[in-house]
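Report on the structure given below.
Residue numbering restarts at 1 for every chain, and letters A, B, ... go by the order of the sequence lines. Worth knowing before you read on, the calculation uses all heavy atoms, side chains too, and leaves out hydrogens, waters and symmetry mates.
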Amino acid sequence: MPHDPDPPPAKKFKPGSPFFPANKKPGMLLPKKGNAPIPIDLQRKQLPIYQAKSQLIDQLRQLHNAVLIGETGSGKTTQIPQYLYEAGIGRQGIIAVTQPRRVAAISLAGRVAEEKRTQLGKLVGYTVRFEDVTSPETKLKFMTDGMLLREAIGDPLLLRYTVVILDEAHERTVHTDVLFGVVKSAQRKRKEQNKIPLKVIVMSATMDVDLFSQYFNKSPVLYLEGRQHPIQIYYTKQPQSDYLHAALVSIFQIHQEAPPSHDILVFMTGQEEIEALARTCRDIAKHLPETCGPMIVIPLYASLPPAQQLRVFQPAPKGCRKVILSTNIAETSITISGIKYVIDTGMVKAKRYNPDSGLEVLAVQRVSKAQAWQRAGRAGREDSGSCYRLYTEDEFDNLANMTVPEIQRCNLAGVILQLLALGVPDVLNFDFMSKPSPESMRMAVEQLDLLGAVERKDDQVSLTSLGKKMACFPLEPRFAKTILISPDFSCTEEILTIVSLLSVDSVLYNPPARRDEEWCRENFVNSRNMGLVAEVRAQLRDICIKLGLKLESSLSELANVRRCLAHGMFANAAELQPDGTYVALDTHQTVAIHPSSVLFQAKPAYVVFNELLHTSRCYMRDLCLVDADWLQEAAPEYFRRKIHTAKS
DNA sequence: CCCTCCGGT
């Protein structure tokens, strides 16, 4: 049993500790239904942060670096940029606020424009990929962190900006982590060159900010009170061998005991698991005694069509309980109101990277303590709540404190290429806040070398002219390379389409329950992803034109396209063995053609592939038939000892 | 004989 009828001794949870006294009950951010709307100026003044306004302005005026801890709902992201602007801080340039996610950048800009009573795109604007809603008047600019990084390639000192606010820093995305180093270096260089100073403010929702403070010259840490309500935490008495069963028992225990208006949010690992548990819950709910009210079970994960994602926001009918089964999308990206109970399985599906094999693997693993607190916090947004952890307190104590930053578990080829394009002199010793392993750095440089993007002299790495062009594309280096060589094969139009398709998620839905139905192949087109492909292709095509590439189509000469892919993707080649298996020529790993491939039955002698998927076996996905000769031509040195047979 | 967490330029 996940928990007993009388719960184990509970721990009171109140994340963070208020630095500014909590002498006032904070007001509601949004007007309640039926009440007169609260004027927007009053709403601003009712935010917890307003109490600290003048103190904050005084401190931020003096500091070059600051770390700000603000609980959810403190109002730090919308108010700090306005406070700075209103106090005349950084007026010579633009105040940038970076976000890991597009939707956040867009909606925050909308909110702040409304508070400033200006049209979006004037004083307040935003810039995300495919969308730039700014003008020369824009002084408060919300943007994705990836976008600021792109901009830095053309302007490494970020001279348009007087203040850069790095929000949601605790999430530690690759982009945020690279930006840490970029803004730190820009700040130092501007000081050395007597340019207008750059103020850097790091914002985090979690307390573990020592690393941020150390990294930014031991900058002071400012604390902000939030609106988080107390959350009662429950642990299991015994470790659970089956977290899905434990989740099921917990859901129905709460369902039988709690008032029906109290909604439940369950954190799980993936689509298939969620859909299966949803079915089980619905079956059980049908056979409950009359005394138990009805229950509506809603799955939530990123690949769900938008219309179905929206269902989580609809209130359940009166007397009916809403149970949401979600991946970690509900940890940060989607916030649902009315959640009274969180059930945390303690598990998450996340990417792991093995620098030796160069393989990224998705694996179910334990969450970190920070993640567990983030999940629990989802129960206390409007009122006090409860979080049921399906593991013991001892198990919790043994969790890692923080999730390993993404930069330490991904392929770094793109990051290194970008740093070189930024003019970082000694990339291998770049000042990362959390250094990736030397092994994965070395692997990345080797990959770039193979692609012809870099030159190495002694221990110094520099960009070739091909590498400089590659960095212009918002793509993985091998894709950029493939586009850049496509004019040699007169097939740039085709390659643009292929690369666009490969660089977004699948354009086909693949519902597990209907995998056997033949007509899915024609009908289950994911319009969201297909639309994205079209936008990506248009953007890449623009870059080709700017670089002066000849845009040709090979028409019916498809061998040109395959030849081009062989030249661009030669590092991802595999060779058929006499026993019918394949060997990846780069790592000598045994691999197989994924059964979903049209080449599954064909057994071609040589293929290039887009990615390796390590599941029941190591599968190659997105394949293209190539000739051995083409691979030899593409990288003669590299293949000298790798290819066994002469021809395919 | 297939069994994909979340993001982003």
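- Phosphate contact (OP1/OP2 of B/dC5, side-chain N/O of A/Tyr301, threshold under 4.0 Å): absent.
- Counting only heavy atoms from C-beta on, A/Arg102 has its side chain closest to B/dT9 among B/dT9, B/dC3, B/dC6.
- Cation-pi geometry between A/Lys184 and A/Tyr215 is satisfied (NZ or CZ under 6.0 Å from the ring centre, within 45° of the ring normal).
- The CD atom of A/Gln271 sits 13 Å away from the P atom of B/dC3 (whole-angstrom rounding).
- The distance between atom CZ of A/Arg617 and atom P of B/dC1, rounded to the nearest whole Å, is 7 Å.
- Residue A/Lys351 has its side chain nearest to B/dC6 when only B/dC6, B/dT9, B/dC3 are considered.
- Rounded to whole Å, the distance from NE2 on A/His175 to C1' on B/dC6 is 14 Å.
- Rounded to whole Å, the distance from CD1 on A/Ile106 to P on B/dT9 is 9 Å.
- A residue-by-residue look at A/Thr327 and A/Gln418 shows that A/Thr327 has its nearest nucleotide of DNA chain B further toward the 5' end.
- The two residues A/Pro81 and A/Leu140 have their closest heavy-atom pair at O-CD2, 3.6 Å.
- Note: CG (A/Leu417) to C1' (B/dG8) measures 16 Å, nearest angstrom.
- Residue contacts for A/Ser596: at a heavy-atom cut-off of 4.0 Å it reaches a base atom on one of the strands shown.
- As judged by a 4.0 angstrom heavy-atom cut-off over every strand, A/Val174 is placed among residues making no nucleic acid contact.
- In this structure, CZ of A/Arg378 is placed 15 Å from P of B/dC6, rounded to the nearest angstrom.
- Counting non-hydrogen atoms under 4.0 angstrom, A/Arg150 reaches a base of the nucleic acid.
- With B/dG7, B/dT9, B/dC3 as the choices, the nucleotide that has an atom nearest any side-chain atom of A/Leu613 turns out to be B/dC3.
- A/His594 has its NE2 atom 13 Å from the P atom of B/dC1, to the nearest Å.
- Judged by the 6.0 Å distance and 45° axis criteria, A/Arg378 is not positioned over the aromatic ring of A/Trp373.
- At whole-Å resolution of the value, CD1 in A/Ile334 and C1' in B/dG7 are 12 Å apart.
- Ring-centre distance between A/Phe180 and A/Phe212: below the 6.0 Å cut-off.
- The main-chain N or O of A/Ala205 is found under 3.5 Å from a side-chain atom of A/His170 such that the two form a donor-acceptor pair.
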